[in-house]
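Read the structure below first, then the notes.
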2 protein chains.
Amino acid sequence: MLKADPSATQVVSVARALELVELVVHGPDEGLSLAEIARTTNRSKSAILATLRTLVDFGYVRSIEPGPKYLPGMTLIRFGDLTAVKDPLGAIARPILTELSGESGLTIRVARNVGGFPVFIERVDGPGVVRFHTPLGARELPHVSSAGKAILAELSDSEIREVARECGLVSRTKKSITTVSELMAEIEKVRHDGFAIDDEEDVQGIYCIGAAIFDHFGKCIGAISATGVRRDLTPAQVNRLGKLVMKYADQVTDQLHGRKSVRGGK
Amino acid sequence: MLKADPSATQVVSVARALELVELVVHGPDEGLSLAEIARTTNRSKSAILATLRTLVDFGYVRSIEPGPKYLPGMTLIRFGDLTAVKDPLGAIARPILTELSGESGLTIRVARNVGGFPVFIERVDGPGVVRFHTPLGARELPHVSSAGKAILAELSDSEIREVARECGLVSRTKKSITTVSELMAEIEKVRHDGFAIDDEEDVQGIYCIGAAIFDHFGKCIGAISATGVRRDLTPAQVNRLGKLVMKYADQVTDQLHGRKSVRGGK
DNA sequence: TTTATCCATTCGGTATTGCCGAACACCGTT
DNA sequence: AACGGTGTTCGGCAATACCGAATGGATAAA
């Protein structure tokens, strides 16, 4: 299945430039100076300066005087937004996420199924004061996220084992699932309930509830998930919220002219 | 003020790579093929392939089989989100935008003041069914947007003329302001009211209402704007909405420990 | 004041490397 | 079977990205 060596970067200078972007994006809020960047990358200041100038030209990086210090640029916001808007799943899901967020008061996200891993592409924050990091665009761990479990539940058991092997079932909190047998039991529960739960398995104090989304082939193309703080949650609400999230996930599936899969269960 | 020639790109191969990203981002939803990209850029397929491989490695572009076709990648979403989240203005504004969106039912955005031009960095969609393009990260026209007018109103008259000269006061609809004298009269009204209106001046059928945000120096660092469809708007609502948007803008200013400027009016 | 140390920036020279074009394999259609 | 259209590989040349030294400025220490 794997075609060629995946990490065979071809254009070295472009790769180095993109590493700079990564550095700046993850850098401190005040920005990075040229010397700092040159030092951490072990490259000459002149080379870094030339690359930064190009990145600034294209808006990937912006420089602020005096200093100058370098910060992430507006083009990143622009292209990120364009990418999310162009995605048909995101376009369909957005108003539905807004509605679910309003009804539940929680932060709602929609993830795309990328090889069994959830990648969140869109988010609608709830009206609450509490905020937490719910990043977009990153490949999340499938076994400690509700969206991940919802997606896994639609795979065959052998595929689940493959994904589990790939991510290593690393532990994130005391409650994280770390063995295949535990995972299989959990998935069986998800298949029965129709929705998945992450009960502080990724981040302490945070829970998520997720449900799968399907295309017109009945293939699971992603999931919706709702995120909240654990202390606000009573056991009675779990089932209510689960049904609610499932209802809205089904709405997305409908809008995509999709249909829920009759699970093969190979 | 302008330091050096702005469009002096330094690293050609990086620039070419970023042009590729731009091409893919603005490309069709089904994606672009290698041959198509090579044709439209007048470059060899081999060079394009090498660059695309690098971009795919870093997630700026993703390739889907069969074809393969090339589409915008998840890293764009990830970095765009990170950039917006890191921005202190965006971080402060987000929950307030959510609240205002809930109270008004409109789409709310917050823009940063970039040299007199508004650049929107964050958006919260309203619960309505109607959707429209409210892009993020792009430098918008100041004279046909409410956020732009709200920002302009905090500049000196000579600075406004400078910005007007820079953007050329291009017309977008029949109602667009196209002369400096019209603009000055409009700005004077904004200064009196405390909020700005875009009444179908940018897009037919769409109106916006905006109000400025200040830092602790009293400098205008951006603006909030609410967007809706014109037909839903009664004249009585304009004033009510204006006051509402202004109230929430002031909340953002407060959270930033800012204070409204005593306008110099040079 | 002088000295020192950091910084960003400019500029040539060198060798790294990105690019082209030809050739290939692989479909579909004609 | 021959064609036009893909995506892909590879070798060789020239473009060019890189480094390092040198400059000027800014700030801090002596």
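Each chain gets a letter, A, B and so on, in the order its sequence line appears, and its residues count up from 1. If you're wondering where the values come from, they're calculated on a predicted model, not measured in any experiment.
- In the helix from dT1(C)-dA30(D) to dC27(C)-dG4(D), the rotation axis of the first five pairs and that of the last five pairs differ in direction by 30°, rounded to 10 degrees.
- Within residues 25-44 of chain A, the residues approaching DNA chain C are S33(A), L34(A), A35(A), R39(A), by heavy-atom distance under 4.0 Å.
- Between R112(B) and M74(A) the shortest side-chain heavy-atom distance falls below 4.5 Å.
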Write out a two-atom table: protein N or O, nucleotide N or O from nucleotides 24-27 of chain D, distance below 3.5 Å.
none

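- For S63(B) (side chain) and P68(B) (main-chain N/O), no donor-acceptor pair under 3.5 Å exists by modelled atom type.
- At a threshold of 4.5 Å between non-hydrogen side-chain atoms, the residues L155(A) and L152(A) count as touching.
- Remark: R78(B) engages E22(A) in a salt bridge, criterion side-chain N to carboxylate O under 4.0 Å.
- S225(B) places no side-chain N or O within 3.5 Å of a backbone atom of G210(B) that could act as its donor or acceptor partner.
- Every side chain to side chain contact (heavy atoms under 4.5 Å, CB included) that R123(B) has, sequence neighbours left out, goes to D81(A), V85(A), T107(B), R109(B), D125(B), T134(B), L136(B).
- In this model, the phosphate group of dT17(C) is approached by a side-chain N or O of R16(A) to a distance below 4.0 Å at OP1 or OP2.
- Summary of the strand contacts: S46(B) and K45(A) both lie near DNA chain C, and taking for each the nucleotide with the nearest heavy atom, the more 5' one is attributed to K45(A).
- Taking E140(A) as the reference, nothing meets the salt bridge (charged side-chain N to carboxylate O under 4.0 Å, His left out) condition, with sequence neighbours excluded.
- Rounded to an integer number of Å, the gap from I48(B) CD1 to dT6(D) P is 14 Å.
- Rounded to a whole Å, the CG atom of L49(A) is 15 Å from the C1' atom of dT23(D).
- Applying the salt bridge (charged side-chain N to carboxylate O under 4.0 Å, His left out) test to E19(B) and every residue at least two apart in sequence or in another chain returns nothing.
- A donor-acceptor pair under 3.5 Å links the side-chain atoms of H143(A) to the main chain of V170(A), judged by distance alone.
- Look at CG on L52(B): it is 15 Å from C1' on dG18(C), rounded to the nearest Å.
- Look at CD on Q10(A): it is 15 Å from C1' on dC20(C), rounded to the nearest Å.
- Between L97(A) and E122(A), some side-chain heavy-atom pair lies under the 4.5 Å cut-off.
- Under a 3.5 Å cut-off, the side chain of T253(A) and the backbone N or O of F214(A) do form a donor-acceptor pair.
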